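These figures come from a predicted structure and were not determined experimentally. As a basis for the values below, the full set of heavy atoms in this structure was taken, side chains included, without hydrogen atoms, waters or symmetry mates. Each chain gets a letter, A, B and so on, in the order the sequences are listed, and its residues count up from 1.
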Amino acid sequence: MKSVKIFLFSVIFLSIGSICFSNTSDLLLKAENHIASGNFDTAIEILNTIQFPEGKNEEDTINYVKAKIRIAQIASITKDFSSAQAACRKALNADPQNSEAKELLNSIKRQQSPKYVLFFTDSIRFFPSLLKGAFMTLLLVIVTMGVSPIGGLFIALGRISRFAPVSIICWFIIWFFRGTPLLLQLFFIYYGLPALGITLSPLCAALIGLGVNYSAYLAEIIRAGILSIESGQMEAAKALGMTYSQAMKRIIIPQTYKRLIPPVGNEFIALIKDTALVSTISMVELMRSADRLFNTYFNVNVLILAAVMYLLFTTVFTFIFENLEKRVGIYEKR
Amino acid sequence: MKKDNNILLTLKGITKYFGTHKALDNINLDVKKGEKVVIVGPSGSGKSTLLRAVNLLEKVEKGHIFFEKKEVGYRFKKGKRLLDSPKNISFLRSEIGMVFQHFNLFPHMTALQNVIEAPVTVKKMPKEKAVKIAEEVLAKVGLSDKKDSHPAKLSGGQKQRVAIARALAMEPKLMLFDEPTSALDPELVGEVFNTIKALAEEGMTMIIVTHQMGFAREIADRVIFMENGIFVEQGTPEEFFSSAQKNERISGFISSIL
Ligand SMILES: Nc1ncnc2c1ncn2[C@@H]1O[C@H](COP(=O)(O)OP(=O)(O)OP(=O)(O)O)[C@@H](O)[C@H]1O
Ligand SMILES: [Mg+2]
């Protein structure tokens, strides 16, 4: 308590002293010190003592403008937008060309406009770079969607194979890639492989990581789909003289499509969100773009906009999968 | 080997185990070209297993299969019994048609597609030719108007007739029927029997497993009673049904299913 009293006393003493004896530069310095230690009110008091110089003293004019800008900045942080604007105007009266004051005034005006206008103007500002990121996300999603069902099918067929070595290898692939976090796999591919002399671009590493991981996941789904087809189908195909691979290709696998679309669709929705993980291996996609903008502007609207874009993707793909399911299964309806 | 040139299929000493259970016990059978053999017997007696052994859907531990005088199905390597190459097995199966109790039509294909599938995929027949044959066999089973329907849209009897057409499109030398009417509602049994009868009249060689004694009597050249993996009794329908009255097990079986 004692130290606080001493501190307050010295602050008051110092400010009175500064009003009486300092020139404008000293005053500014003092005010900065107060700002640095968080005494905004005292700082503003000091800054307000800096008057517009009567004569044409250039240094005093500059200091006056600086003081007003400082006042405006403090006021805008404390959401006192009218004082902030007034201070800006005073600064601009003294120095109409001052760009800092102009920008500040604009930003204060922007902050005063209604929330939805603000969101709109922010959106327009952030949209281009987020859109670029979104395109990259879409690319990752579509390539993985194209590659992983094929990879998954081969791993599933290998897993079902009666040739033990193939079956064991495929079991291992599934076991490993489903049993470790995707993030870890990505790190290993991007940061770990260079140690073995394989250096990949972020895009390449991301596509390999997502592709293999999702192949392993889909393999189990596809395997279950194949095993769910009645054994009578394979028997009928064999009885007609088809080989195992002909029967798989012509009879069994086509019948799994309808059953596979819902669970595979689910995995693909998860994939859309999982692509955000590749931002950790310096791949600039939607999440990374949003993260960058957010760290620059500390503006929550960036995150809202990114969320809207992700939702747009998941909604569109959900719709596509639902339609596909209806169309593919048509033969089963009576 | 028999000297009879008319023999299509010979089974010699066929023995099949499921674990320790002997499903087929030293089965011997000659089937002449054009002959209709009907196999009857209680559930679990090994009738399906026998049919499946003939087209190698079931691998047997002992015995030999001769089709058109040639031994088929197995190779012997260093005293070990191995299934023949997939190509040879595939070829044998393409010459033997099989009709299943539960039809096993391909649900993702129309009736016509079901029928042309094997000729195109297995025999590499040009599609136009396969379609021509398919239309003929579908007409034969009376389903020309259903050729573009998927199985889900067909009745049980129609499904089984498509399944018969599907087998016929491969122009098989032998037809195996495993309880072709057991899954059908009684009123649909007749249409399938008539189809099989028409086929029989054309001279097709057949082995038919059925529980329908009336049909057996009507179509069979020979009836075989099977139990516990053994042929207990066989003969012409007349011989079989008269001796059946003397054989307690057979008469018991027949009265149980009537
Ligand atoms: N895949 C299998 N694994 C183990 N046992 C089997 C298998 N298939 C058949 N069996 C057994 O072999 C025996 C003969 O079966 P099979 O299906 O040939 O009889 P079935 O005469 O056709 O009978 P049903 O009239 O019921 O069709 C039965 O005891 C059955 O339980
Ligand atoms: Mg059976």
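- More than 12 heavy atoms of other residues, nucleotides or ligands shown are found within 6.0 angstrom of NZ on Lys197(B).
- When all heavy atoms of Ile251(A) and Glu117(B) are compared, the pair lying nearest together is CD1-CG, 4.1 Å.
- Residues from residues 82-96 of chain B that place a non-hydrogen atom less than 4.5 Å from a non-hydrogen atom of chain A comprise Ser90(B), Arg93(B), Ser94(B), Ile96(B), given in numerical order.
- When the shell of 6.0 Å around CZ of Phe135(A) is examined, it contains 12 or fewer heavy atoms from other residues, nucleotides or ligands.
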Verdict with supporting geometry, Glu235(A) and Met98(B), side-chain contact (heavy atoms from CB on, under 4.5 Å)
CA-CA 10 Å; Glu235(A) 300 226 309; Met98(B) 181 149 187; over 6 Å; no

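- Both the backbone and the side chain of Arg166(B) come within less than 4.5 Å of a heavy atom in chain A.
- Counting only heavy atoms from C-beta outward, the side chains of Met109(B) and Arg250(A) approach each other to under 4.5 Å.
- Residue Lys59(B) qualifies as enclosed at atom NZ: its count of foreign heavy atoms under 6.0 Å is above 12.
- Taking both residues in full, the closest heavy atoms of Asn55(B) and Ala239(A) are given as ND2-CB, 3.9 Å, listed atom of the first, atom of the second, then distance.
- Residue Lys62(B) places its NZ atom among 12 or fewer non-hydrogen atoms of other residues, nucleotides or ligands, all under 6.0 Å distant.
- Taking Phe172(A) as the reference, Trp175(A) meet the ring pair (Phe, Tyr, Trp, His ring centres under 6.0 Å) condition, with sequence neighbours excluded.
- Looking at His108(B), its side chain never comes within 3.5 Å of a backbone N or O of Val328(A) through a donor-acceptor pair.
- Scanning residues 167-184 of chain B against chain A with a 4.5 Å heavy-atom cutoff picks out Ala167(B), Met170(B), ordered by number.
- Ala118(B) approaches Leu240(A) most closely through the heavy-atom pair CB-CB, 3.8 Å.
- Under a cut-off of 6.0 angstrom, the local environment of CZ in Phe319(A) is sparse, with at most 12 non-hydrogen atoms contributed by other residues, nucleotides or ligands.
- No side-chain heavy atom of Lys238(A) sits less than 4.5 Å from a side-chain heavy atom of Leu56(B).
- Minimum interatomic distance between Ala236(A) and Phe106(B) (heavy atoms only, all atoms of both residues): CB-CE2, 4.0 Å.
- Pairs passing the ring-ring contact (aromatic ring centres under 6.0 Å, His included) check and including a residue from residues 189-209 of chain A, sequence neighbours excluded, read Phe187(A)-Tyr191(A).
- Lys124(B) NZ: more than 12 foreign heavy atoms inside a 6.0 Å radius.
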